Amino acid sequence: MFNSLSDRLTATFKNLRGKGRLTEADVDATVREIRRALLDADVAVPVVREFTGRVRERALGAEVSGALNPSQQIVKIVNEELVEILGGETRRIRLAKNGPTIIMLAGLQGAGKTTLAGKLSKWLKSQGHSPILVACDLQRPNAVTQLQVVGKRAGVPVFAPHPGATSELEHPAGDPVAVARAGVEEARQKLHDVVIVDTAGRLGVDAEMMEQARQIRKAIVPNEVLFVIDAMIGQDAVNTAMAFDEGVNFTGVVLSKLDGDARGGAALSVASVTGKPVMFASTGEGVDDFELFHPDRMASRILDMGDVLTLIEQAEKSWDKDEAARMAKKFADQEDFTLDDFLAQMQQIRNMGSMKKMLMMMPGAQNIRQQLEQFDEREIDRVEAIVRSMTPHERVAPKIINGSRRARIARGSGVHVSEVNGLLERFAQAQKMMKKMAQGGMPGMPGMPGMGGPGGGKKAVKNAPKKKARSGNPAKAAQELREAEARRAGAAKALPTGAAFGQQSGDFDPSQLNLPKGFDKFLGK
């Protein structure tokens with residue numbers, strides 16, 4: 001959604017790197033580029049004017065002029081101001097103290113209210129609540145049926161006493177206000193603690209629509225009124241939001257279609273103009289593609305700083321703790337990493353969702369966005385098919401997979417033999433790395449066991465003094481061995497008695513150290 005804006009802002013900040021001091025001209029040029037980037041992203045003009053004014057004022061102040069790294073200080077200011085216009089802090093649903101919490105959804109037709117009702121109910125269910133959906137959109141054809149389908153996918157009951165309109169020509173039957181009131185009563189009787197009311201929308205704001213929404217609000221007195229807005233709507237988002245704020249006085253905003261490729265100015269405009277916080281965001285078509293909106297994390301994504309906290313939360317939610325404990329024990333016991341383990345790890349990653357979305361949450365992901373966009377999610381399916389085409393013995397001992405076995409695995413998984421070869425090569429590298437880590441070292445870290453650089457790895461072995469080869473003559477070899485033992489015994493006797501931290505009195509007994517058998521000869525005893 002914010003790719004274009006993120007690219008522009010990242011390029012702007014690159015021009016500030018390496019400058020030990022920023023002049024007023026540097027600040028003005030930076031603010032000018034930020035203004036252009038925000039306007040290109042369809043952010044409302046009043047919001048842009050206020051945002052850039054605050055950034056310029058702070059950038060010319062003491063916090064930048066006295067900073068050790070002025071360019072980083074500018075980025076910090078822009079990040080803080082972005083958080084501010086996105087709402088400042090995370091806003092959660094206010095739950096009712098007594099009786100069910102009533103949530104009313106409002107918005108234009110096509111904004112995604114009905115789908116979002118299912119996503120919100122699924123999210124609330126995962127939080128330990130018992131939600132129920134109420135179908136009050138009796139005007140849009142098949143809206144009630146759509147809500148029932150979405151509710152079934154989310155595993156949440158739907159209260160729908162009237163079928164609603166089934167075509168454009170059919171006049172809707174039933175009173176939406178009466179349905180909303182009956183839905184709340186149904187929730188009380190069935191002990192549901194959250195009621196989500198899906199209301200009707202229009203292709204544009206009109207008096208009839210607003211009057212119906214006002215009547216429903218008056219009848220059920222909701223704890224939250226969420227305004228659902230299409231994040232791809234552009235500049236018109238502000239006018240629509242203002243109209244709904246005047247009509248139903250909504251308490252929070254939900255951004256739908258945040259996974260689209262539009263410029264995303266609506267997200268940056270609505271919260272600032274209406275003063276109402278963005279509470280949730282819909283990030284895909286699946287019922288699980290829904291998340292709590294965190295202004296600070298969204299600002300970090302826009303500035304290409306990543307969103308590691310959301311990534312960790314997703315991992316904690318989907319990661320199998322028993323499987324993780326099993327892998328940790330296997331790792332500690334230095335057991336071989338097998339293709340069965342590899343397959344289990346792949347399935348764990350798949351449970352977290354789209355690989356592209358996860359990788360885009362990493363800091364600096366914008367630099368490799370083109371490669372990420374070309375990444376084929378089906379590659380994981382192909383890898384899984386290759387591994388599942390192997391026999392149990394082949395997965396445990398991949399070294400036995402010869403040419404004929406590779407051809408059989410390729411036929412079974414529907415891929416070329418070269419893909420099987422590539423997977424086995426990558427797995428062999430991963431297996432070596434796991435062995436080195438289990439032995440207490442990480443490749444590439446100097447001075448650690450199993451690592452390159454000084455103190456370890458191939459380079460250390462290469463630079464080590466070479467051992468003199470033993471002679472092939474048995475008599476001469478025995479003589480060399482006796483001379484070596486004599487040298488070691490002489491060197492041990494020449495060692496000073498006592499410890500590095502002070503002299504020890506009396507004779508030293510090597511048996512106190514519990515040394516291996518025969519080791520005492522190296523101490524001259």
Side-chain angles (χ1 to χ4, degrees), residues 153 155 259 283-289 311-362 365 368-439 441-444 450:
R153 287 170 57 195
D259 57 322
T283 57
E285 296 180 1
V287 73
D288 291 313
D289 296 329
L311 196 59
I312 292 170
E313 286 176 1
Q314 287 182 2
E316 287 178 341
K317 186 168 59 176
S318 59
W319 206 256
D320 186 345
K321 293 179 181 176
D322 292 336
E323 176 63 23
R326 185 187 73 81
M327 280 301 300
K329 185 178 184 304
K330 191 168 189 176
F331 186 76
D333 294 342
Q334 297 188 22
E335 295 180 25
D336 281 342
F337 183 69
T338 67
L339 280 160
D340 281 324
D341 299 326
F342 178 70
L343 187 62
Q345 296 302 305
M346 292 278 286
Q347 289 170 339
Q348 293 269 56
I349 292 170
R350 287 186 67 175
N351 292 338
M352 291 176 63
S354 168
M355 283 288 291
K356 285 184 185 178
K357 287 183 181 178
M358 286 192 291
L359 292 172
M360 285 302 292
M361 291 182 189
M362 299 300 291
I368 55 168
R369 191 177 71 240
Q370 190 173 357
Q371 293 93 312
L372 289 177
E373 287 173 354
Q374 293 172 354
F375 174 74
D376 187 359
E377 297 277 357
R378 293 173 298 178
E379 183 66 27
I380 299 176
D381 297 330
R382 284 191 283 270
V383 170
E384 185 174 350
I386 292 171
V387 178
R388 290 194 182 279
S389 297
M390 299 176 186
T391 65
H393 185 46
E394 286 171 344
R395 294 183 200 175
V396 176
K399 289 182 180 180
I400 68 169
I401 304 177
N402 54 19
S404 61
R405 288 176 183 262
R406 293 178 189 226
R408 189 207 77 236
I409 292 167
R411 287 194 303 271
S413 55
V415 300
H416 294 290
V417 176
S418 59
E419 294 185 59
V420 178
N421 294 339
L423 173 62
L424 290 173
E425 286 174 12
R426 293 196 299 273
F427 175 74
Q429 292 171 358
Q431 202 173 35
K432 286 179 184 176
M433 186 186 72
M434 296 292 280
K435 281 183 180 178
K436 287 184 178 179
M437 290 173 65
Q439 291 167 3
M442 278 286 287

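Along the sequence shown, residues carry numbers from 1. Note that the structure is predicted; figures quoted are calculated from it, not measured.
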Sorted by first residue and then second, give each salt bridge (Lys or Arg N to Asp or Glu O under 4.0 Å) pair with at least one member in residues 409-418; sequence neighbours left out.
none
Which heavy atom in Ala407 sits nearest to a heavy atom in Val417, and how many Å separate them?
CA-CG2, 4.1 Å
Contacts of Ala428 that satisfy side-chain contact (heavy atoms from CB on, under 4.5 Å) - sequence neighbours left out:
none
Report yes if some heavy atom in the side chain of Leu423 is under 4.5 Å from a heavy atom in the side chain of Val387; otherwise report no.
yes
Sole residue of Lys399, Met390, Glu419 in side-chain contact (heavy atoms from CB on, under 4.5 Å) with Leu424
Met390
Roughly how far apart are Arg388 CZ and Asp381 CG, rounded to 0.5 Å?
11.0 Å
Considering all heavy atoms of both residues, which atom of Glu384 and which atom of Leu343 are nearest to each other, and what is their separation?
CG-CD1, 3.5 Å
On a heavy-atom basis, the closest approach of Ser413 and Ile409 is OG-O, 2.8 Å
Could you walk me through whether His393 and Ile401 pass the side-chain contact (heavy atoms from CB on, under 4.5 Å) test, one step at a time?
CA-CA 10 Å; His393 185 46; Ile401 304 177; over 6 Å; no
Heavy-atom nearest pair, Asn402 first then Ser404, reads OD1-OG, 3.1 Å
Taking every heavy atom of Arg408 against every heavy atom of Ser389, the minimum-distance pair comes out as NH2-O, 3.4 Å
Glu394/Arg406 salt bridge by N-O under 4.0 Å criterion:
no
Work out which heavy atom in Thr338 is nearest to a heavy atom in Phe427; give both atom names and the distance.
C-CZ, 3.5 Å
